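What follows is one structure encoded as structure tokens, with my remarks underneath.
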There are 2 protein chains.
Amino acid sequence: MKGKTDKKLEQKNIKPTAMRQLVYEILEKQKKALSLYEIEQQFDNVERSTIFRTLKTFQDNYLIHSIDDGTGAVKYALCDDDCTCKPDDLHIHFLCNKCGQTHCMKDMPVPKMDLAEGFSFENANFVVKGICPNCR
Amino acid sequence: MKGKTDKKLEQKNIKPTAMRQLVYEILEKQKKALSLYEIEQQFDNVERSTIFRTLKTFQDNYLIHSIDDGTGAVKYALCDDDCTCKPDDLHIHFLCNKCGQTHCMKDMPVPKMDLAEGFSFENANFVVKGICPNCR
DNA sequence: AAAACTTTGCAATACTGTTGCACGTACTTA
DNA sequence: TAAGTACGTGCAACAGTATTGCAAAGTTTT
Ligand SMILES: [Mn+2]
Ligand SMILES: [Mn+2]
Ligand SMILES: [Zn+2]
Ligand SMILES: [Zn+2]
């Protein structure tokens, strides 16, 4: 019988290898977005590059999305089941200036914006910075 | 008699050295935001680190603001005269997915957002990505 | 079982940003 | 003006993150 993790991976056309299961489960447990380095820390002996490529595969298949919060390390978080990272699926992210944690604000979609003449919208990265509930 | 550049620098309490004048004028000429590397290219023989520190000084004194557009290199653009990079001064930036140029959308302020309970707003980095007028 | 393809581990590398230190220049003050 | 001090610049080294080539190990297909 197949586990829940395997189903989630296959749902997004990702072959569920051991590595991928583990990385998925790490991301699933978290409330916050994780950097490559933070994921690496959760293992005893796994290759940065393997995790890197795992994350790339996940991202290419819309299992996760990446957030560049300006801290220097890109962070990753799970997408919703039906997400394809199209404009309508985008949400705002919050970086705590104190603890450095980055959160998905899934209830705050990226607002529609009227761009100046000639500019077309494809994608967005909206990061709000401030203090999180834990740090105040 | 003092030049326009010197006045701009002194207005923000920056001593106008030769280096600083040149970097300022490079930024002033541009319609788009420039990376450290791009600025370096405009000189024959200047030190990365000197430009780096020049930009840091500029930023500390609200002469320029930085934009992390996710391309890996932070970009810089001039602030308005009265800017102090407070929430009200923030605007959205546009990164062209084709040519890689990043523009200040100074007429698009960062919208006020109601954050979830417990989160406070200090700052923001909103980047819209798409195709710019030149590339379509 | 062999061939073909995919995933992983290892090592090396690229790129951007950042710092220590020494030297030179500009400003301050006696 | 001369000495003393603060500031700015150049050079070199380093740190952190992302990324790639290549070969070994594992998986799937014929
Ligand atoms: Mn998110
Ligand atoms: Mn701007
Ligand atoms: Zn926090
Ligand atoms: Zn363009």
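Naming: A, B, ... by sequence-line order, numbering from 1 per chain. Please read these numbers as outputs of a predicted model, since none were measured by experiment.
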Is any NZ, NE, NH1 or NH2 atom of the basic residue among A:Glu28 and A:Lys4 found under 4.0 Å from an Asp or Glu carboxylate oxygen of the other? yes
Charged N to carboxylate O below 4.0 Å: is that the case for A:Asp81 and A:Lys12? no
Rounded (10°) bend between the five-pair end axes of the helix from C:dA1-D:dT30 to C:dA30-D:dT1: 20°
Among the nucleotides D:dT9, D:dA18, C:dG9, which one has an atom lying closest to any side-chain atom of B:Thr54? D:dT9
Of A:Arg48 and A:Thr57, the one whose closest nucleotide on DNA chain C sits nearer the 5' end is A:Thr57
Under 4.0 Å, heavy atoms only, any strand: does B:Ser35 hit a base, just the sugar-phosphate, or nothing? nothing
Would you mind telling me which of D:dG8, C:dC10, D:dT17 lies closest to the side-chain atoms of A:Ala73? D:dT17
Given that A:Tyr76 and B:Asn45 both sit by DNA chain D, which one's nearest nucleotide is further toward the 5' end? B:Asn45
With a 4.0 Å cut-off, would you call A:Glu122 and B:Lys98 a salt bridge? no
Grab the CD1-C1' distance between B:Ile39 and D:dT9 for me, whole Å please. 17 Å
What integer distance in Å separates B:Ile51:CD1 from C:dT16:P? 14 Å
Look at the side chain of B:Thr17 against the base of D:dC7 and say whether a donor-acceptor pair falls under 3.5 Å; ignore hydrogens and angles. no
Whole-Å distance, A:Tyr37 OH to D:dA15 P, equals 14 Å
In terms of side-chain geometry, is the basic nitrogen of B:Arg20 or B:Glu25 positioned less than 4.0 Å from the acidic oxygen of its partner? no
Quick note, B:Arg53 side chain, CB onward, closest among C:dT19, C:dT8, D:dT17 is C:dT19
Measure the distance from CD on A:Glu47 to P on C:dA11 and round it to the nearest whole Å. 8 Å
Whole Å only: how far is the CZ atom of B:Phe52 from the P atom of D:dC14? 18 Å
Can you tell whether the side chains of B:Asp88 and B:Lys112 come within less than 4.0 Å, N to carboxylate O? yes
Does B:Asp6 use its side chain to pair, donor to acceptor, with the backbone of B:Gly3 at less than 3.5 Å? no
Rounded to whole angstrom units, what separation is found between the CG atom of A:Leu55 and the C1' atom of D:dT19? 13 Å
How many whole angstroms separate atom CG of B:Asn13 from atom P of D:dC7? 14 Å
Please pick, from C:dG17, D:dA18, D:dT9, the nucleotide with the shortest atom-to-atom distance to any side-chain atom of B:Thr50. D:dT9
Taking the six-membered ring for Trp, are B:His91 and B:His103 closer than 6.0 Å centroid to centroid? no
Rounded to whole Å, how long is the line connecting atom CG of B:Leu34 with atom P of C:dG17? 13 Å
Please determine, for the side chain of A:Lys15, which listed nucleotide (D:dA12, C:dT7, D:dT20) has the closest atom? C:dT7
